[in-house]
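Data block below; observations after.
Small disclaimer: the values here were computed from a predicted structure and weren't measured. Order of the sequence lines sets the chain letters (A, B, ...), proteins ahead of strands, with each chain counted from 1.
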Number of protein chains: 2
Amino acid sequence: MTNQKKNYHHGDLISSLIKAASDILQEEGVEGLSMRKLADKVGVSRTAPYHHFKDKNALLCAIAEAGFKAQEARLASLLSSHEEAEQRFRLYVHQYIEFADTQREVYDLMYGRLIWKTGTPTNSLKAASKQTFKRWLDWVEQLQADNVLPNNNSALRVGQASWASLHGLSRLLIDGIYLDRNDIQAMIEQMIQTLIKAQPASS
Amino acid sequence: MTNQKKNYHHGDLISSLIKAASDILQEEGVEGLSMRKLADKVGVSRTAPYHHFKDKNALLCAIAEAGFKAQEARLASLLSSHEEAEQRFRLYVHQYIEFADTQREVYDLMYGRLIWKTGTPTNSLKAASKQTFKRWLDWVEQLQADNVLPNNNSALRVGQASWASLHGLSRLLIDGIYLDRNDIQAMIEQMIQTLIKAQPASS
DNA sequence: TTTTTATTTTGACACTGTCAAGATTAAACG
DNA sequence: CGTTTAATCTTGACAGTGTCAAAATAAAAA
């Protein structure tokens, strides 16, 4: 019950809810995001949100979906830059981890257990995630052609495996297992080395 | 309130709790594990467990700790086998994913947000995880010497990055993002290819 | 102006973690 | 053996959660 006009009809609750939820998410994490607290913050009664979102799961799915859109947009923006192929990939890796790091709670929703296992991903969310992944695969194909990523397997497999690696690093960050900033940067570099095809000469 | 003798003193609640909790965990996931349900299952009142575990977090930490011990034992067992270095590493990767897959809920506790970020890892848990990681690093050093893992960086960096990759794959499995069994096996193979130093000839 | 529809609210229920105070039993001591 | 002490367990209570059903309110359509 903050500073909201007290019209019985709120206007556009639906987007106000997503915005407020995103705020709480960033500040307190999913644990701090309850439907009641959210409703209160928007200045509406406990159950009002349920007329716009089937349940909490649906709300979270909507936020996650927006995350996929954002991630995809970031990739598109990078792909339209005039960088060399390998350099572009390096930038992407850093960008991916940075996204996961700064938007940790959103990232957690996007790829986390809460929605995908405990909850039920919306059809709309599934579609968004699928598309984002497809965009990634398309690029992987290019990267293979440009000899940046290995050709020893299909774009699908290479894309899956390398994405899994990025995901693993992201999770360590998000879940608070690795907190040392310097370590993370160095880990990213090492991972890039492993992922790209041309390894520097050794022994 | 199942089939338990109704002694006022339970005998060894502490281990009964861990066992029962592990069972619930495997069958219903963390979401299905409540302190009250647990107490009921063991045949004891709601708050009895609180005299043996400070809170739910402490209970979960104990389970996670046992998981690290198990994981470490598995590694030790593998290291005492008479396999060639590279083959041993391949086996380990498969074993790692299999562990995560069959003990998903325990794995999730071991490396998941619930304890490490939302909750507070016990000192004892921190020690166990640290030791398990150290054992891994020691082996990585060997693997580098045996030319299985790359020498382009310290054992710590190589160990961190490759472990992060395994972790990423595990999470995709656990969180239910990738459900296709066949894909997973192929992804593992691809990841191994990427991780080990000697890549098969290509192009 | 009346009817229909879209929104929002209040009440209620079952469930959660956990604290404080009391009850019960086993172990230690004389 | 009896009594004190310590360990263990229970009941009561509180604040918080997601969400359903029914009633209230306001806007849009007729």
**Q.** Distance in angstrom units between B:Y50 OH and D:dG12 P, rounded
**A.** 18 Å
**Q.** Separation between CD of A:Q95 and CG of A:L166, rounded to the nearest 0.5 Å
**A.** 11.0 Å
Q) In terms of heavy-atom contacts, does CD of A:Q26 have more than 12 from other residues, nucleotides or ligands at under 6.0 Å? A) no
**Q.** Carboxylate-amine/guanidinium contact B:R157 A:E189, below 4.0 Å
**A.** no
Q: Please determine if A:R90 and A:E83 form a salt bridge, counting it only when a charged side-chain N lies under 4.0 Å from a carboxylate O.
A: no
Q. Closer than 4.0 Å, any side-chain N/O of A:T47 to the OP1 or OP2 of C:dT9?
A. no
(Q) Suppose we call a contact any N or O donor and acceptor under 3.5 Å apart; does that hold for the side chain of A:H51 and the base of C:dT8? (A) yes
Q.
Measuring to OP1 and OP2 of C:dA6, would you say a side-chain N or O of A:H52 lies under 4.0 angstrom away?
A. no
Q. Should A:E105 and B:R113 count as an ion pair when the cut-off is N to O under 4.0 Å?
A. yes
Q | B:Y111 ring center within less than 6.0 Å of B:W163 ring center | A | yes
Q: Using only heavy-atom distances, decide whether a donor-acceptor pair under 3.5 angstrom links the side-chain of A:R46 to the base of D:dG18.
A: no
**Q.** d(CG, A:D12; P, C:dT7) in whole Å
**A.** 11 Å
Q. Heavy atom of residues 104-117 of chain A under 4.0 Å from DNA chain C: which residues?
A. none
